[in-house]
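Let me begin by presenting the structure, written as structure tokens, before commenting on it.
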Amino acid sequence: MFRPLYRIASSVHLKALRMCSTSALSRRLDGKVAVVTASTEGIGLSIAQQLGRDGAKIVVSSRKQDNVIKATAALEKEGIDVLGIMCHVGKSEHRKNLVQRTLSHFGGIDILVSNAAANPVFGSILQTSEEAWDKIFEVNVKSSFLLAKEMVPHMEKRGGGSIVFISSIGGYHPLQGLGAYCVSKTALFGLTKVLATECADFGVRVNCVAPGIIKTRFSAALWKNEAMHEEVAKQIPLKRLGKSEEVGGTVSFLCSDQASYLTGETIVIGGGMTSRL
């Protein structure tokens, strides 16, 4: 006897569901070691928290030892396995120490989140001094590249890894008074594309996140004044500033197996703000 078509279809659908359930990719990061730069406050700390909550062992860093101690204590209270290291990413000896201490303590590196950034000037880009320009690119772009270069071989030894550069909506849509900073953030889009291609053979995925206007100390000038805050919010389709934890969740996804076929891309977390070069 022939089975009714609807029963055959139902049987096929159930089999498909079973296959999907057994092959679903995990969001968990258990056993992974994640290094997050500039991670003692704001976006960096939120990223470290989310990665830790999702199971990763975390290395937090900052230029100031006091900040490292405070952030490490806060993460430990959550039960996160964390190592704190003072690190100025613009200094070669600090970067090498960051890598070596991570390897000594955790035995490997699986994830790099390059979040450190500098912006010593505000105003017309034509008034930016050579010294300020060099500092911005040294911290925002050069150090990101050199950290990735240093860590990729260690990720390859572990069977692969994930790199996430933290850029900015300003890399797409220049922010008034932050010209040089925005140019440096645009450069990270290009660095992401190039490294994604070269690192694919090593099993290392490279992606970028471009936060919009997130309510942090860095953006305080845009939200501390109520009138300014309201004006800025009007320019955002969701009518509000973003939260640091909203960046952390996206970064954790990019570092997980759920994003295993995603590399060379930039994800904008900007509440709908225009983001196109």
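Remember, predicted model here, so these are calculated numbers, not experimental data.
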Could you check whether any side-chain N or O of [X] sits under 3.5 Å from a backbone N or O of [Y], counting only pairs where one atom can act as donor and the other as acceptor?
X	Y	result
S252	L51	no
N140	Y181	no
D66	V68	no
S46	I43	no
N207	G264	yes
S167	K185	yes
T37	A116	yes

Quick one: does [X]'s side chain get under 4.5 Å of [Y]'s, heavy atoms only?
X	Y	answer
L98	L147	yes
Q50	D54	yes
V121	I136	yes
L75	Q49	yes
N97	Q100	no
F165	T266	no

Are [X] and [Y] joined in one hydrophobic group, where the rule is that I, L, V, M, F, W and Y side chains link up if heavy atoms are under 4.5 Å apart?
X	Y	result
V204	F106	yes
V206	V209	no
I85	V139	yes
V251	V59	no
L188	Y172	no

Residue that, paired with [X], satisfies side-chain contact (heavy atoms from CB on, under 4.5 Å) out of [options]:
X	options	answer
K57	D81, V82, T102, L29	D81
L254	I163, I111, V113, L262	L262
V164	C255, C208, S114	C255

Over all atoms of both residues, closest heavy-atom pair of [X] and [Y]:
X	Y	value
L103	H154	CD1-CE1, 3.3 Å
A48	S39	CB-CB, 4.4 Å
V141	A187	CG2-CB, 4.0 Å
A148	L195	CB-CD1, 4.1 Å

Checklist line | Residue pairs passing the salt bridge (charged side-chain N to carboxylate O under 4.0 Å, His left out) test where at least one lies in residues 92-118, sequence neighbours excluded | finding: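 For residues 92-118: D110-R158.
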Next item on the list: Return each pair, listed once, that meets salt bridge (charged side-chain N to carboxylate O under 4.0 Å, His left out) where at least one residue sits in residues 159-172; pairs must be two or more places apart or across chains.
Entry: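 Applying salt bridge (charged side-chain N to carboxylate O under 4.0 Å, His left out) to every pair that reaches into residues 159-172, excluding sequence neighbours, yields nothing.
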Margin query: E246: which residues meet the side-chain hydrogen bond (donor to acceptor under 3.5 Å, both in side chains) condition with it, sequence neighbours left out?
Written below: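 Here the qualifying residues are R240.
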Distance check, rounded to the nearest 0.5 Å: [X] atom [atom1] versus [Y] atom [atom2]?
X	Y	atom1	atom2	value
E131	S129	CD	OG	5.5 Å
S61	M86	OG	CE	10.5 Å
Q235	I213	CD	CD1	6.5 Å
Q65	I69	CD	CD1	4.5 Å
S143	K149	OG	NZ	14.0 Å
I47	T250	CD1	OG1	9.5 Å

Check: Should Q258 and F253 be marked as a side-chain contact (heavy atoms from CB on, under 4.5 Å) after you check the CA-CA gap, both sets of side-chain angles, and the distance that decides it?
Finding: CA-CA 7 Å; Q258 289 185 342; F253 159 71; 3.9 Å; yes
What do you reckon, is [atom1] of [X] surrounded by more than 12 foreign heavy atoms closer than 6.0 Å?
X	atom1	answer
R63	CZ	no
E78	CD	yes
H173	NE2	no

